[in-house]
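Worksheet: the structure to be examined is printed underneath.
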Amino acid sequence: MRSVRWRARPLSLLAPVSTVVLAVPLAAALLVAISRTRPQANAVVCGAGFASVAAVFLTIREVLNEGTASVPTSLLYVDALSGLLLLLVSLIGLASVLYSVDYMGRSGSPHEAAFPRLRAYYAFVMLFLFTMYLAAEANNLGILWIALEGTTLVSALLVGFYRTRRALEASWKYLILCSVGLSFALFGTLVLYLASVRTAGPIASGLDWTTLVAVGPHLDPGLVSLAVAFLLIGYGTKAGLAPLHTWLPDAHSEAPTPVSALLSGALLNCAMYALLRVDAITLRIPGFTLSHWLFLGFGLVSVFVAAFFILVQQDLKRLMAYHSVEHMGIISVGVGFGGVLGLFGALYHTLNHAATKAALFLAGGNLALSAGTKDLEEVSGALAALPATGAVLLVGGLALAGVPPFSIFSSEFVILSAGFGGGNFVGALLLLVGLAIVFGGLLLHLSRLLLGPQRPRPFAPGMRSAFGAAFGIGLLVAVAVGLGLFLPDPLSQLLWAAARVVTA
Amino acid sequence: MTDLGTLALDLAAAVALVAAWLCLVHTRIAALVSTYAVQSAAIAVAAGLVAYLYQAPDIYVLAGMVVALNVVVLPWYLTTVLRSLGVTRMVNMYASVRTSALAGLGLLLLAAAVVGPVAPYAAVASAGLLPISTAILLIGFFLLISRRKAIVQVIGLLVMNNGIFLAGIALTYGTGFVVELGLAANLLVLAIVARIFLNRMKDTFDTVDADALRSLEG
């Protein structure tokens, strides 16, 4: 332990490493904007991807050692919960960037973007990552809101990157719906501030999460109920919880593939993170159960709505998008079950779902590229035609369905145990029914897609030789599969600490 | 605080509320924009009053920001967008003028019923401000979901934000410069991003009815 601290110190003399996490993508956005050639731009974003992961690892080590990471201003705050989100965003970010290089940045790729457009694309991806890191490190709930609205504005441009009719429609819907949702969330934030001012007086730090948690037991339940209703509707829209999810399948399916992976694996979790911060405050109020019921209700509705659309789905990327709705629902149910075990399950599931889903989106992008269509009716027998991509889809699909020994099975098991153990029999049973329906639907799609007879029209070679894409997907698959077999000790510490941040 | 001050504050908030309701009645988009500017001005006045009555210098900054952004920059910006898009009237609304006007009154009652009971607890300048700002928020939301023109959806969003500004002022304490500047910057970027999409929409669909955006379902 001591040697660990010793090595961390020289870096923190310059600036807290948590600040480096924020600075890297910003600097990369600037650098890429002034880059002159394709290789330069590619090098900048890949370097930023790896540097971010390194900085995040150092930050997490500091959090595990000290409880929190040092920050330059009280507007920021980094604890285990922040650390977990940072980890997710940086890993998915790295995989997406590496994939982007092959998908758009390589000359000869079918999605090759002209250089000025590529540069804009990279710059926006870096800004998108910056806003997500900022959300993870914000202490002031106003800054958290600004960061999340920032993600909407930047990623709306990324969703509409291909200027097709469908992409335009998806990005407009995304921009308007999420901005409306976030307006409600801002109103809720103000009401929460009002509750804080009533309790703690008009202090400058009244909107800080640390203050709100500290004065939590004395907050007025009436005002907090009003705030929580607005906050859950607002951030719930952004997290893709049904019935507020309608933007999600459109945006996920029309965005460039690496952006779909970022939206599903990283962005949804940023909104869920904001909800967890709110939940942590309300859990301090004795006898306050409104948020428990809201999480449970939104979560179960999401699982069932998603199950229905999964059964009837005909588009590969929309299929995966509805699975995101389902899994955000499962996470929300876990939070609703509550207790340290419920929260642990929810956070563990967040990690597993993010890695699995991002890998699936990237591999699915390969498949769509080779098959020339996203229509599930027209693609079959992919495993024989594209062994590597097909294998990732098979493993990822089985993992997504909750088959053991993959990681999603483990976390779903934890969530269900928390439900039954905590006495939420009806909720846990309903969740089981929903999961069974989704399981059937997904296996049906998978078997036709991967194992069915090969379709008459041949598959194009796809991105077989792309090393970066393979590395990115491999990284995510390793996480998705590996975490089911073995949870490394530091990660397990981080997850438990993050769960206790919410419940303690 | 003087009774006269509270009266003036309530009056300014009432003007903002009536302006929100008028947005539901107008069918000319230019009139919608000027109504929005009037509403913003009323909110700036309310902010100035709160700052003066409560000696809260933070709120002066907020008032100045509202004047600069919501009264001057955004209406001017919306007018240039309207000109470049060549739209003037709202035809084909999802809800008629009469329905919208009634819905506006209904939303006011809803806000009063839901928020009214908690408002007296609040450390606000006047008990009426919180229900009124909630009503403006909801009316802006209704404007957004009941109109087909994409630009009107943006105006609905801006009206919602005015409701939020009023709620922020009603707290009588600023939320800190960083936060307020961030909010303003977000509003500005939103307006710019929306314009980018509106221009693309015009080029691609030759219309700025959000109705044209109906191919993605299921």
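In what follows, chains are A, B, ... by sequence order, proteins preceding strands, each numbered from 1. Basis for what follows: all heavy atoms, side chains included, without hydrogens, waters or symmetry-related copies. Since the model is a prediction, treat every value here as computed from it, not as a measurement.
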Heavy-atom side-chain contact between B:Thr134 and A:Leu226 under 4.5 Å
no

Identify the heavy atoms of A:Ala156 and B:Phe197 that sit nearest to each other, and give their distance.
O-CZ, 3.3 Å

Does atom CZ (A:Phe161) have a neighbourhood of more than 12 heavy atoms from anything else shown, all under 6.0 Å?
yes

With a cut-off of 6.0 Å (strictly less than), are more than 12 heavy atoms of other residues, nucleotides or ligands near OH of B:Tyr52?
no

With a 4.5 Å heavy-atom cut-off, do A:Ser183 and B:Phe141 have their side chains touching?
no

B:Ile145 versus chain A, the contacting section by heavy-atom distance below 4.5 Å
neither

Between chain B and each of A:Gly142, A:Ser179, A:Ala147, count heavy-atom pairs under 4.5 Å; write down the option with the most.
A:Ser179

What part of A:Leu75 is in contact with chain B, defined as an atom under 4.5 angstrom from a non-hydrogen atom: side chain, backbone, both or neither?
side chain

Nearest-0.5 Å distance, CG of residue A:Leu153 to CD1 of residue B:Ile192
9.5 Å

Are any non-hydrogen side-chain atoms of A:Leu175 and B:Leu190 less than 4.5 angstrom apart?
yes

Using non-hydrogen atoms only, which part of B:Ala185 is less than 4.5 Å away from chain A: side chain, backbone, both, or neither?
neither

Only distances under 3.5 Å count here; give the side-chain donor-acceptor pairs of residues 73-83 of chain B to other protein atoms, sequence neighbours excluded, each with its distance to 0.1 Å.
from	atom 1	to	atom 2	distance (Å)
B:Tyr77	OH	B:Ala191	O	3.3
B:Thr79	OG1	B:Pro75	O	2.6
B:Thr80	OG1	B:Tyr77	O	2.6

B:Val115/A:Val191 under side-chain contact (heavy atoms from CB on, under 4.5 Å): CA gap, chis, key distance, verdict:
CA-CA 11 Å; B:Val115 184; A:Val191 176; over 6 Å; no

If you compare all heavy atoms of A:Ile146 against all heavy atoms of B:Leu183, which two are closest, and at what distance to 0.1 Å?
CD1-N, 3.8 Å

Side-chain heavy atoms of B:Leu138 within contact of A:Phe184, under 4.5 Å
yes

Please find the pair of heavy atoms, one from B:Met201 and one from A:Leu168, that lie closest to each other, and give the distance.
CA-CD2, 3.5 Å

Which answer fits B:Leu144, side chain, backbone, both or neither, if we ask what part of it has an atom under 4.5 Å from a heavy atom of chain A?
side chain

Report the residues that fulfil side-chain contact (heavy atoms from CB on, under 4.5 Å) with A:Ser260, sequence neighbours left out, ordered by chain and then residue number.
A:Ala255, A:Lys317, A:Phe361

Option in A:Asp315, A:Leu157, A:Ile143 with maximal non-hydrogen atom pairs under 4.5 Å from chain B
A:Leu157

Nearest heavy-atom approach of A:Trp172 to B:Ala194 is CZ3-O, 3.8 Å

Measure distances from B:Asn186 to the heavy atoms of chain A and classify the residue's part below 4.5 Å as side chain, backbone, both or neither.
both

Closest non-hydrogen atoms of A:Leu190 and B:Gly168, given as atom of the first, atom of the second and distance, are CD1-N, 3.6 Å

Contacting region of A:Phe230 [heavy-atom separation from chain B under 4.5 Å]
side chain

